[in-house]
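Below you will find the structure I want to go over with you.
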Amino acid sequence: MTRTASISRIALITAALLCAAPAFSADASPAALAGARCDANAIDKNGKPLAGAAKDGFLKRCYREAGLTAECEARALSKDGKPLAGAAKDASVGRCQRDAVQALGCEARAVSKDGKPLAGAAKDSSIRRCEDDAKAAAAAK
């Protein structure tokens, strides 16, 4: 996928989010909503989900462009209120991004490859898979 296609896709997703924003919780920040779309759109040019370093790179760039990284970096503080640095900051920002996206719930993340909300059996399947993943992640902690 070319850089221009990626940027166009992100612009399309952002536009879709702005139209759909009233349907989401008032507590969710726009950056967190965009972050949820990043997770849903981490797919390769063949429509298969990205994995490993490719997914990490895509999500990192997408979160940054959505403003979620800046929001989480502002919250990356030590117990005494000083800004974190290095690996501690990276871990804090990553945790913040995952928590922000997870907090939106599975229904908000049930979107198709092109960013449109799913319906019917596809939506049910996506929500079920998301909830199973959340339970597995909670059990791993």
Side-chain angles (χ1 to χ4, degrees), residues 1-79 81-141:
M1 177 178 292
T2 64
R3 182 173 171 84
T4 306
S6 296
I7 292 171
S8 297
R9 176 182 241 170
I10 292 171
L12 177 66
I13 294 166
T14 304
L17 282 173
L18 292 175
C19 294
F24 294 111
S25 169
D27 297 337
S29 72
L33 293 173
R37 296 297 185 242
C38 290
D39 282 352
N41 288 299
I43 54 172
D44 66 9
K45 63 183 178 182
N46 298 321
K48 296 180 181 177
L50 293 174
K55 182 176 181 179
D56 293 343
F58 175 83
L59 292 177
K60 186 174 182 181
R61 185 182 73 238
C62 187
Y63 288 156
R64 183 178 62 246
E65 291 172 358
L68 189 57
T69 300
E71 192 174 296
C72 288
E73 283 179 351
R75 295 181 186 171
L77 303 172
S78 66
K79 291 180 182 179
K82 295 181 182 176
L84 295 173
K89 179 180 179 181
D90 293 342
S92 176
V93 169
R95 190 177 323 108
C96 172
Q97 291 169 338
R98 285 187 301 275
D99 291 349
V101 171
Q102 191 65 35
L104 293 174
C106 293
E107 190 161 343
R109 297 191 305 170
V111 294
S112 66
K113 295 180 213 173
D114 56 351
K116 295 180 182 176
L118 293 174
K123 180 178 180 181
D124 294 341
S125 175
S126 175
I127 291 172
R128 190 176 327 109
R129 184 180 38 211
C130 174
E131 289 171 347
D132 291 344
D133 290 346
K135 287 176 188 174
K141 289 182 181 181

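For reference, positions follow the sequence shown, starting with 1. Keep in mind that what you see is a predicted model, and the values were worked out from it rather than measured.
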_My understanding is that only one of Lys60, Lys55, Arg61 makes a side-chain contact (heavy atoms from CB on, under 4.5 Å) with Phe58; could you say which?_
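In the set Lys60, Lys55, Arg61, the residue that makes a side-chain contact (heavy atoms from CB on, under 4.5 Å) with Phe58 is Arg61.
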*Taking atom CG of Leu50 and atom CG of Leu59, what is their separation to the nearest 0.5 Å?*
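Interatomic distance, Leu50 CG to Leu59 CG, rounded to 0.5 Å: 8.0 Å.
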*Which pair of non-hydrogen atoms, one from Gln97 and one from Cys72, has the smallest distance, and what is that distance?*
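For Gln97 versus Cys72, the nearest heavy atoms are N-SG, 3.6 Å.
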*Pairwise distance CG(Asp90) to CD(Glu73) - rounded to 0.5 angstrom*: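 Answer for the CG-CD pair, Asp90 versus Glu73, is 8.5 Å.
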*Under 3.5 Å, is there a donor-acceptor pair between the side chain of Asn46 and the main chain of Lys48?*
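No.
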